[in-house]
Novice: 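There's a structure below that I have some questions on.
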Amino acid sequence: MFRVYFIKKKWLIAALIAIVALVLALTFLHVASRRAATTSASPGACAWGIKRDGGHQTPEVPADGAAWLDACGGRYLGDPALSRVYLTFDEGYEAGHTAALLDVLKEKQVHAVFFITGWYLESQPDLVARMLDEGHDVGNHTVDHKNPTTIPEADARADIVGLSDAFEKQFSRHMRFYRPPEGVFCRRTLEIAQEEGLTPLMWTWAYQDWEKPKGKEYVCKLAQENAHNGMVFLFHVTTTDPVESLGTIIDKLRADGYVIGEPGELISLTLAGQ
């Protein structure tokens with residue numbers, strides 16, 4: 001009796017092990033096939049980062065990402081021969097500071113690009129309308145702010161096209177610029193944006209304003225020390241730092257001989273080094 005029970009128990013354990021192995025194998029195949037669908041069109045990805053050198057020099061940028069931008073009509077820098085800089089703001093959500101920021105831009109008579117998400121378009125139509133009315137560009141930061149290199153190509157395209165279509169339906173205007181969520185992209189991501197009539201736009205200076213505020217003096221000093229020809233600023237309007245410092249930054253840049261350029265200038269420019 002004991003021998004029969006022991007044999008049945010061994011059979012049961014072997015069966016359970018086989019079932020677990022089968023489940024793991026199927027899971028692996030599913031993940032592998034999904035990953036292949038995501039990356040087969042464009043192997044590799046670029047997480048856009050910059051190395052600040054100070055001294056008013058153009059910072060180092062990822063070589064592969066810069067090459068992909070170049071090939072797909074993208075931009076990260078204005079004309080390096082001209083003392084012109086450009087302002088951009090990422091608006092994944094509204095933290096209550098954008099109206100005050102728009103007041104500063106209006107007072108200083110300069111224009112910027114505001115990159116919005118689907119949530120922002122739906123929840124803040126009055127602010128988006130004000131951006132347009134006051135001459136700013138509203139750029140595409142996708143519907144759901146998903147990293148485009150970790151989802152299937154069809155989903156990445158839908159994330160871009162969905163926002164452009166919703167924006168055009170609501171405001172009868174075409175978006176002109178695209179910025180990938182998290183600053184991560186592959187060449188295929190940029191090709192999709194280009195196919196949709198969007199100019200991918202990255203940056204040569206970014207302020208980490210998603211962290212706790214560091215104060216006006218700190219932000220102004222950092223911006224002035226790193227100013228360079230063709231500079232593309234990136235702020236996130238998530239703390240009071242951009243609002244409190246922007247007016248002074250603009251005044252200091254102008255005093256140093258810089259002009260705040262119009263965003264549309266970037267569309268017709270070539271990248272540095274061409």
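Being a predicted model, the structure only gives us computed values, none of them experimental.
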Novice: Does one hydrophobic cluster hold both I116 and W119, with members joined at side-chain heavy-atom distances below 4.5 Å?
Specialist: yes
Novice: For residues V232 and G78, report the shortest heavy-atom separation together with the two atoms involved.
Specialist: CG2-N, 4.4 Å
Novice: I need the minimum non-hydrogen distance between V243 and A100, along with the two atoms involved.
Specialist: CG1-CB, 3.7 Å
Novice: I need the minimum non-hydrogen distance between A158 and V143, along with the two atoms involved.
Specialist: O-CG2, 4.3 Å
Novice: Excluding sequence neighbours, so at least two apart, what forms ring pair (Phe, Tyr, Trp, His ring centres under 6.0 Å) with H111?
Specialist: H136
Novice: Verify, without hydrogens or angle tests, whether R84 (side chain) and G261 (backbone) share a donor-acceptor contact under 3.5 angstrom.
Specialist: no
Novice: With rounding to the nearest 0.5 Å, note down the distance linking OG1 in T239 to NZ in K214.
Specialist: 10.0 Å
Novice: Can you name the closest pair of heavy atoms from P62 and G49 and give their distance?
Specialist: CD-O, 3.0 Å
Novice: Can you name the ring pair (Phe, Tyr, Trp, His ring centres under 6.0 Å) partners of H145, sequence neighbours left out?
Specialist: H141
Novice: If you count every heavy atom of other residues, nucleotides or ligands that lies below 6.0 Å from K108 atom NZ, does the total exceed 12?
Specialist: yes
Novice: I260, L222: one ILVMFWY side-chain cluster at the under-4.5 Å cut-off?
Specialist: yes
Novice: Would you mind reporting whether L87 and L246 have side-chain heavy atoms less than 4.5 Å apart?
Specialist: yes
Novice: V161, I151: one ILVMFWY side-chain cluster at the under-4.5 Å cut-off?
Specialist: no
Novice: To the nearest 0.5 Å, tell me how far Y207 OH sits from N226 CG.
Specialist: 12.5 Å
Novice: So V259 and V85, do their side chains get closer than 4.5 Å, heavy atoms only?
Specialist: no
Novice: When you measure from the side chain of T117 to the backbone N and O of D144, does any donor-acceptor pair fall under 3.5 Å?
Specialist: no
Novice: In chain order, what residues pass the side-chain contact (heavy atoms from CB on, under 4.5 Å) check against Q194, with sequence neighbours excluded?
Specialist: C72
Novice: Heavy atoms, side chains only, cut-off 4.5 Å: are K51 and P59 in contact?
Specialist: no
Novice: How would you list, by chain and number, every residue that makes a ring pair (Phe, Tyr, Trp, His ring centres under 6.0 Å) with F167, sequence neighbours excluded?
Specialist: F171
Novice: Closest approach of F185 and P180, non-hydrogen atoms and distance?
Specialist: CD2-CG, 3.8 Å
Novice: So, for Y178 and A193, which heavy atoms are closest and what is the spacing to 0.1 Å?
Specialist: CD2-CB, 3.5 Å
Novice: Would D79 and E265 count as a side chain to side chain contact (heavy atoms under 4.5 Å, CB included) if you check the C-alpha gap in whole Å, the side-chain angles of each, and the deciding distance to 0.1 Å?
Specialist: CA-CA 9 Å; D79 191 330; E265 296 170 2; over 6 Å; no
Novice: Given side chains that start at C-beta, do those of P148 and P181 come closer than 4.5 Å, heavy atoms only?
Specialist: yes
Novice: F89: what forms a ring pair (Phe, Tyr, Trp, His ring centres under 6.0 Å) with it, not counting sequence neighbours?
Specialist: F114, F235
Novice: Please round to the nearest 0.5 Å and tell me the distance separating atom NZ of K106 and atom CZ of R130.
Specialist: 6.5 Å
Novice: Identify whether Y258 and L82 are in the same connected component of the hydrophobic contact network (ILVMFWY, side-chain heavy atoms under 4.5 Å).
Specialist: no
Novice: Is it true that the side chains of S123 and E94 contain a donor and an acceptor less than 3.5 Å apart?
Specialist: no
Novice: Between T88 and R179, is there a side-chain donor-acceptor contact under 3.5 Å, judged purely by atom types and distance?
Specialist: yes
Novice: For a side chain to side chain contact (heavy atoms under 4.5 Å, CB included) check, start with the C-alpha distance between K216 and C220, then their side-chain angles and the critical distance, and finish with the verdict.
Specialist: CA-CA 6 Å; K216 174 181 175 180; C220 292; 3.9 Å; yes
Novice: Would you mind reporting whether H97 and P242 have side-chain heavy atoms less than 4.5 Å apart?
Specialist: no
Novice: Would V104 end up clustered with F233 when hydrophobic side chains under 4.5 Å apart are linked, directly or stepwise?
Specialist: yes
Novice: Pair L69, L190 - check side chain to side chain contact (heavy atoms under 4.5 Å, CB included), show working.
Specialist: CA-CA 7 Å; L69 284 163; L190 304 183; 3.9 Å; yes
Novice: Can you check whether L234 reaches D90 side chain to side chain, under 4.5 Å on heavy atoms?
Specialist: yes
Novice: Within the 4.5 Å heavy-atom criterion, are E134 and L102 side-chain neighbours or not?
Specialist: yes
Novice: Assess whether side chain to side chain contact (heavy atoms under 4.5 Å, CB included) is satisfied between L253 and I249, documenting all intermediate values.
Specialist: CA-CA 6 Å; L253 287 170; I249 289 173; 3.7 Å; yes
Novice: Within this structure, what is the NZ-OG1 distance for the pair K221 and T248, rounded to the nearest 0.5 Å?
Specialist: 15.5 Å
Novice: Measuring from Y93:OH to H236:NE2, what's the distance to the nearest 0.5 Å?
Specialist: 9.5 Å
Novice: Kindly say whether I160 contributes a backbone atom to a donor-acceptor pair with the side chain of N140 at under 3.5 angstrom?
Specialist: yes
Novice: May I ask you to decide whether D137 forms a salt bridge with R176, counting only side-chain N to carboxylate O separations under 4.0 Å?
Specialist: yes
Novice: Answer yes or no: does atom CD of E217 have more than 12 heavy-atom neighbours from other residues, nucleotides or ligands under 6.0 Å?
Specialist: no
Novice: Side chains of V61 and I50, heavy atoms from C-beta outward: is any pair under 4.5 Å?
Specialist: yes
Novice: Working to the nearest 0.5 angstrom, can you tell me the gap between T98 OG1 and E91 CD?
Specialist: 3.5 Å
Novice: Once salt bridge (charged side-chain N to carboxylate O under 4.0 Å, His left out) is applied, what residue pairs with a partner in residues 195-205 remain, sequence neighbours excluded?
Specialist: R157-E195, R157-E196, R188-E195
Novice: Atom CZ of residue position R173 - does it have more than 12 heavy atoms of other residues, nucleotides or ligands inside 6.0 Å?
Specialist: no
